[in-house]
Amino acid sequence: MHASAIRQTAVIGAGTMGRGIVISLANAGLEVLWLDNNPQMLEQGLRNLEDVWQQQISKGRLTCSEAAERLANVHPVGDYAALADADVVIEAVYENLALKQEIFRTLDATLRPVALLASNTSALDIDAIAAVTQRPAQVLGLHFFSPAHIMKLLEIVRGAHTSAATLETARALGERLGKVCVVAGNCDGFIGNRMLHTYVREARMLLLEGALPAQVDGVLQQFGFAMGPFRMYDVVGIDLEWRARELAGSGQDAPAVQVDNRLCELGRLGQKSGQGYYRYAQGSREAQHDPAVDALVVAVSERLGMTRRAISEEEIRERCLLALVNEGAKILAEGIAANSHDIDLVYLNGYGFPAAKGGPMSWADDQGPAHIAARLRALQAQHGAHWQPAPLIERLAAYGKRFSDVQGGQV
């Protein structure tokens, strides 16, 4: 299906992500059918849409008639049968593979054979979702970033069987929504979240070894990040990953997540609860230092038997950035990203990496792969095997090449 043939879209799920995606589609002039198994969620979602557009009217960014047109593009529906003529469906329910598979089975049986079926998953296996359908060539991931109507990045995830035509249609649709589109291969976390996992693991380990949240955030914000990892967790909700670990039944015992777990047990979920890694005054989003969290960090690390030490700004910067680069190199070598520029686009548009530095792989090219390899080997000697330089980095260093020379996994 050509993108210009897309007339009718559908979104399943009226939570935060579903709402943002509906707004994006309606803003682009597309008709949106909206389904949620809870009618109250749909009602709340519609009110939320009206509020968002009302705010834009009050700021002079939208006229009343434009807002009315956008709202008229959105049609709440009561069952899957109502989606039968949709050209593209985007599923945006919570991260549970069995639930998503059940939805895709129903969609496959209900929609016309030419329709595209997309999941807004941030990490789950697209092939496992496609496998329950008779149309794996037309199944893909469309990973929007929250809030979906504001964030520019769209990761388009190709499964093993996703056709080139499907990817082309998805890219054209994304561009129609005003998104920066990057095609990613199918692996746990795709490009952005797979790299983020290694970055936040280092930030969390630094806390256990002797740093404090405001110190880590301060160093990375000074480097140019829009916000440090702990401020980021307060914005997105510390409980998101905590709930995912609970659902998966694994990962809750890892030392790195013990501070997060303790905060969640105390009801400190981030901005939405008024306190997380930081405190927030009523109605404010300004992060205020909270000595109680520093004390909690120290107590958790001591309970785990860690000997706390002074940690320098340089160590914080190096460990967090090199964790990103080393994982980025593995993603490049595996062909999960077509080139280093795509990885940089993901980090510039989805994760607040400083624009002046050009993205993590561009920054690494400026340092030089030989220097990066040497620093990784030093970290490996100090902190263990997970710091072993990616083979691609060693190859680039040996040949005097850069990440920007890698195309399709080949130097």
Side-chain angles (χ1 to χ4, degrees), residues 13-20 36 38 40-41 44-45 47-48 51 92-96 99 122-123 145-148 151 193 196-197 199-218 220-221 225-306 308 351-352:
T16 304
M17 289 308 299
R19 293 171 188 186
D36 191 288
N38 180 346
Q40 281 177 302
M41 282 291 284
Q44 284 175 20
R47 283 201 297 275
N48 175 258
D51 290 345
V93 304
Y94 61 89
E95 293 285 72
N96 178 295
L99 173 63
S122 58
F145 284 68
S146 186
M151 293 292 279
N193 282 346
L196 184 74
H197 181 74
Y199 166 82
V200 296
R201 182 193 179 277
E202 286 314 305
R204 287 162 162 165
M205 291 309 294
L206 285 160
L207 291 193
L208 298 180
E209 291 170 36
L212 293 168
Q215 180 192 1
V216 174
D217 283 350
L220 291 163
Q221 284 157 207
F225 274 92
M227 61 179 77
F230 302 109
R231 274 189 61 202
M232 175 198 75
Y233 271 119
D234 272 5
V235 170
V236 300
I238 303 170
D239 57 322
L240 282 187
E241 286 190 7
W242 177 64
R243 287 182 207 285
R245 290 191 294 273
E246 285 284 299
L247 274 171
S250 67
Q252 290 293 46
D253 298 334
V257 300
Q258 295 314 305
V259 172
D260 290 50
N261 288 356
R262 194 77 198 90
L263 290 169
C264 289
E265 286 160 17
L266 293 169
R268 300 187 66 123
L269 309 180
Q271 279 184 6
K272 62 186 171 190
S273 64
Q275 46 183 9
Y277 276 99
Y278 299 90
R279 280 184 297 122
Y280 301 87
Q282 184 76 41
S284 168
R285 295 189 173 189
E286 192 184 335
Q288 295 175 346
H289 177 240
D290 191 341
V293 176
D294 293 348
L296 183 147
V297 166
V298 171
V300 169
S301 62
E302 287 175 353
R303 198 184 75 236
L304 289 167
M306 309 283 283
R308 294 181 70 78
Y351 294 88

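Computed from a prediction, not measured in an experiment: that's the story for all the values here.
Residues satisfying the salt bridge (charged side-chain N to carboxylate O under 4.0 Å, His left out) test with R243, not counting sequence neighbours, are D239. For the ring-ring contact (aromatic ring centres under 6.0 Å, His included) test, residues two or more places apart in sequence or in another chain that qualify with F230 are Y277. For T16, the side-chain contact (heavy atoms from CB on, under 4.5 Å) partners are S146, not counting sequence neighbours. The side-chain contact (heavy atoms from CB on, under 4.5 Å) test applied to M205 returns R201, L208, E209, A256, M306, R319, not counting sequence neighbours. Residues meeting the salt bridge (charged side-chain N to carboxylate O under 4.0 Å, His left out) test with D234, sequence neighbours left out: none. Scanning for side-chain contact (heavy atoms from CB on, under 4.5 Å) contacts around H289 gives A214, P291, D294, with sequence neighbours left out. Annotation: ring-ring contact (aromatic ring centres under 6.0 Å, His included) contacts of Y278 (sequence neighbours excluded): none. In this structure E265 satisfies the salt bridge (charged side-chain N to carboxylate O under 4.0 Å, His left out) test together with R262, sequence neighbours excluded. With sequence neighbours left out, S301 forms a side chain to side chain donor-acceptor pair (under 3.5 Å) with R308. Looking at residues two or more places apart in sequence or on another chain, you find a side-chain contact (heavy atoms from CB on, under 4.5 Å) between R279 and R268, Q288, D290. Applying the salt bridge (charged side-chain N to carboxylate O under 4.0 Å, His left out) test to E241 and every residue at least two apart in sequence or in another chain returns R204, R245. Applying the ring-ring contact (aromatic ring centres under 6.0 Å, His included) criterion to Y280, with sequence neighbours excluded, gives no partner residue.
Atom CG of residue L269 and atom CD of residue Q275 lie 9.0 Å apart, to the nearest 0.5 angstrom. For the atom pair W242 CH2 and L263 CG, the distance stands at 11.0 Å (nearest 0.5 Å). If you take CG on L240 and CG on D260, they are separated by 11.0 Å, rounding to the nearest 0.5 Å. Note that CG of D51 is 11.5 Å distant from CD of Q44, once rounded to the nearest 0.5 Å. We find the CG-CG distance between L212 and L206 to be 11.0 Å, quoted to the nearest 0.5 Å.
The closest side-chain heavy-atom distance from F145 to Y351 is below 4.5 Å. Side chains of L220 and M232 form no contact here, defined as non-hydrogen atoms less than 4.5 Å apart. Inter-residue side-chain proximity for V300 and L207 is flagged as unmet; no heavy-atom pair is nearer than 4.5 Å. In this structure, the side chains of L99 and Y94 come closer than 4.5 Å at one or more pairs of heavy atoms.
Q271 places no side-chain N or O within 3.5 Å of a backbone atom of V236 that could act as its donor or acceptor partner. Side-chain atoms of D217 come within 3.5 Å of backbone atoms of R231 as a donor-acceptor pair (strictly under, hydrogens ignored).
The shortest heavy-atom contact between S273 and G267 is OG-O, 3.3 Å. Nearest heavy-atom pair, A211 versus V297, reported as atom, atom and distance to 0.1 Å: O-CG1, 4.0 Å. Across every non-hydrogen atom of M41 and R19, the tightest pair is O-NH2, 4.1 Å. Nearest heavy atom pair, residue A203 against residue V216, reads CB-CG1, 4.2 Å. Contact between N38 and Q40 at its shortest, heavy atoms only, is OD1-N, 2.9 Å. The two residues G276 and V293 have their closest heavy-atom pair at O-CG2, 3.6 Å.
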